[in-house]
There are 2 protein chains.
Amino acid sequence: MARAGLTADRLVQAAAELADEIGFDKVTVSALARRFGVKDASLYSHVKNAQDLKERVAMLALGEMADLAADALAGRAGKDALVAFANTYRTYAKLHPGRYAAAQLPLRPEAAEASAARRHSEMNRAILRGYGLPEPAQTDAIRMLAGTFHGYVTLEMAGAFSHTPRETSVSWSRTLDALDVTLRNWPPE
Amino acid sequence: MARAGLTADRLVQAAAELADEIGFDKVTVSALARRFGVKDASLYSHVKNAQDLKERVAMLALGEMADLAADALAGRAGKDALVAFANTYRTYAKLHPGRYAAAQLPLRPEAAEASAARRHSEMNRAILRGYGLPEPAQTDAIRMLAGTFHGYVTLEMAGAFSHTPRETSVSWSRTLDALDVTLRNWPPE
DNA sequence: ATTATTTGCCTAATACCCCTAGGAAATCTA
DNA sequence: TAGATTTCCTAGGGGTATTAGGCAAATAAT
């Protein structure tokens with residue numbers, strides 16, 4: 001009997017694809033095993049359990065997003081960088097909704113440490129540097145930025161904006177314009 | 001044999017409490033049945049299925065938040081209204097994390113119609129009126145507001161801000177200050 | 001090339017969870 | 001109080017997560 005050639009990496013990769021196809025919450029050990037034409041139990045030699053599998057998908061997504069964002073950021077500064085960075089996330093979410101959802105998974109502290117989370121916040125800070133905000137305003141602004149990007153993309157994907165005719169991409173651009181203005185006029189105190 | 005006195009409302013109420021205690025994703029028909037000392041099958045006379053139960057919790061949460069927001073908004077305008085409104089959501093999320101998560105559940109169009117979703121966007125618009133933004137800027141601003149509130153609260157709850165010592169409540173206040181500035185200086189075009 | 005060893009996948013079994021069908025008892029109605 | 005209704009139960013089918021233990025295939029050692 002020929003083997004299926006499973007490895008942890010191939011499982012995670014396939015799970016990520018599955019997530020984009022059917023939704024991250026529907027990614028299950030069984031479904032993944034089915035996709036490989038293999039019994040459920042066979043996956044447990046490569047992956048600790050379902051939680052572990054999901055965390056690995058999350059880390060894959062975080063890494064991919066960090067890579068893309070780093071590329072987008074290269075050679076840009078100021079509003080240019082802000083827009084490029086923001087669009088990276090939004091585009092990734094549209095292209096890979098399952099992976100994006102995975103990236104939202106609350107990671108255990110240890111897993112978070114091993115993830116690309118740090119790179120993300122580094123990049124956030126790099127963008128902010130262009131605006132010359134002193135600490136602690138910088139931290140406040142980073143949190144606002146992260147929240148706005150994430151919230152907008154999440155709500156848009158959930159269809160929360162679909163009741164109003166206005167093109168969501170346009171609102172997104174205006175939101176980025178507004179954020180740029182905000183950062184340039186960050187309130188003192 | 002005495003009856004447990006189940007009704008759809010009591011089930012939904014209990015499910016909401018359960019969600020706040022153990023997390024919305026862990027709310028299950030079985031767990032709920034256990035809480036009432038009843039067999040799983042008994043719940044199906046009151047609730048169509050697990051999905052239905054979850055949707056009802058979502059609608060309960062949306063309604064509660066709308067009520068609270070409406071109260072908070074009463075008699076306020078401008079930045080005052082903005083802050084009161086935003087704090088309603090954030091406070092609710094902290095007090096009722098499970099319900100807040102439930103409110104994020106993508107509802108089927110029909111369920112969404114019956115929900116308090118419309119009240120929420122009405123209130124968003126009411127706040128914006130104070131800033132005198134013309135359409136379509138108003139729609140763009142609403143989307144930005146909703147995204148920022150939701151994103152910030154979600155990330156904060158997920159612990160995404162806990163690696164930096166700065167108090168998240170302070171960053172939240174500064175974010176609201178910044179939003180106020182943004183709305184007063186909404187970029188033209 | 002034959003053993004020995006590791007590794008990959010399987011069978012079997014347990015424990016939950018979701019849900020349907022049909023029955024009996026508690027409660028309401030006439 | 002007889003009948004109708006509602007509430008909850010038993011039984012049972014199907015899906016997912018996970019562990020334990022076994023055989024066979026790929027790999028390493030002799």
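Within every chain, numbering begins at 1; the chains are lettered A, B, ... in the order of the sequence lines, protein sequences first and strands thereafter.
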**OP:** Find the distance B:R35:CZ to C:dC17:P and express it as a whole number of Å.
**Re:** 14 Å
**OP:** Report the distance from atom CG of A:L43 to atom P of C:dT7, rounded to the nearest whole Å.
**Re:** 18 Å
**OP:** Ignoring hydrogens and angles, tell me if any N or O in the side chain of B:T91 forms a donor-acceptor pair with the backbone of B:T88 under 3.5 Å.
**Re:** no
Distance-only donor-acceptor pairs under 3.5 Å for side chains of residues 68-81 of chain B, two or more places apart:
{"residue": "B:R76", "atom": "NE", "partner": "B:A72", "partner atom": "O", "Å": "2.9"}
{"residue": "B:K79", "atom": "NZ", "partner": "B:D177", "partner atom": "OD1", "Å": "2.7"}

Original post:
Under a 4.5 Å cut-off applied to non-hydrogen side-chain atoms, are A:R34 and A:D40 in contact?
Top reply: no
Subject >> ring pair (Phe, Tyr, Trp, His ring centres under 6.0 Å) against A:F85, all qualifying residues, sequence neighbours excluded >> reply: A:Y89
Original post:
With the sugar-phosphate defined as primed atoms, P, OP1 and OP2, and the base as all remaining atoms, what B/S/- string results for nucleotides 12-19 of chain D, 5' to 3', for protein heavy atoms under 4.0 Å?
Top reply: ----SSBB
Subject >> By salt bridge (Lys or Arg N to Asp or Glu O under 4.0 Å) - contacts of B:E17 (at least two apart) >> reply: none
Under 3.5 Å, side-chain donor or acceptor atoms of residues 124-131 of chain B against the rest of the protein: list the pairs with distances, not counting sequence neighbours.
{"residue": "B:R125", "atom": "NH1", "partner": "B:E135", "partner atom": "OE2", "Å": "2.7"}
{"residue": "B:R125", "atom": "NH1", "partner": "B:Q138", "partner atom": "OE1", "Å": "3.1"}
{"residue": "B:Y131", "atom": "OH", "partner": "B:D180", "partner atom": "OD1", "Å": "2.5"}

Subject >> Phosphate-side-chain proximity, A:H46 and C:dT7, N/O vs OP1/OP2 below 4.0 Å >> reply: no
**OP:** Just compare C:dG8, D:dC9, C:dC10 and give me whichever is closest to any side-chain atom of A:V38.
**Re:** C:dC10
**OP:** Could I get the full list of side chain to side chain contact (heavy atoms under 4.5 Å, CB included) partners for B:V38, not counting sequence neighbours?
**Re:** B:A4, B:L6, B:F36, B:S42, B:L43
Quick one: side chains of residues 97-104 of chain A, donor-acceptor pairs under 3.5 Å with protein atoms, not counting sequence neighbours, listed by atom name and distance.
{"residue": "A:R99", "atom": "NE", "partner": "A:E64", "partner atom": "OE1", "Å": "3.2"}
{"residue": "A:R99", "atom": "NH1", "partner": "A:D20", "partner atom": "OD2", "Å": "2.6"}
{"residue": "A:Y100", "atom": "OH", "partner": "A:H150", "partner atom": "ND1", "Å": "3.1"}

Original post:
Is the distance from OP1 or OP2 of D:dC8 to the nearest side-chain N or O of B:S45 less than 4.0 Å?
Top reply: no
Subject >> Proximity to DNA chain D (any heavy atom under 4.0 Å), residues of residues 10-18 of chain B only >> reply: none
Nucleotide N/O to protein N/O under 3.5 Å, stretch nucleotides 3-6 of chain D:
{"residue": "D:dT6", "atom": "O2", "partner": "B:R3", "partner atom": "NH2", "Å": "3.1"}

Original post:
What pairs meet the side-chain hydrogen bond (donor to acceptor under 3.5 Å, both in side chains) rule with one or both residues in residues 52-62 of chain A, with sequence neighbours excluded?
Top reply: A:Q51-A:E55, A:D52-A:R56, A:E55-A:R108
Subject >> Sequence neighbours excluded, every pair satisfying ring pair (Phe, Tyr, Trp, His ring centres under 6.0 Å) that has a member inside residues 43-71 of chain A >> reply: none
Subject >> Pairs meeting criterion ring pair (Phe, Tyr, Trp, His ring centres under 6.0 Å) with involvement of residues 158-186 of chain A, two or more places apart >> reply: A:Y152-A:F161, A:Y152-A:W172
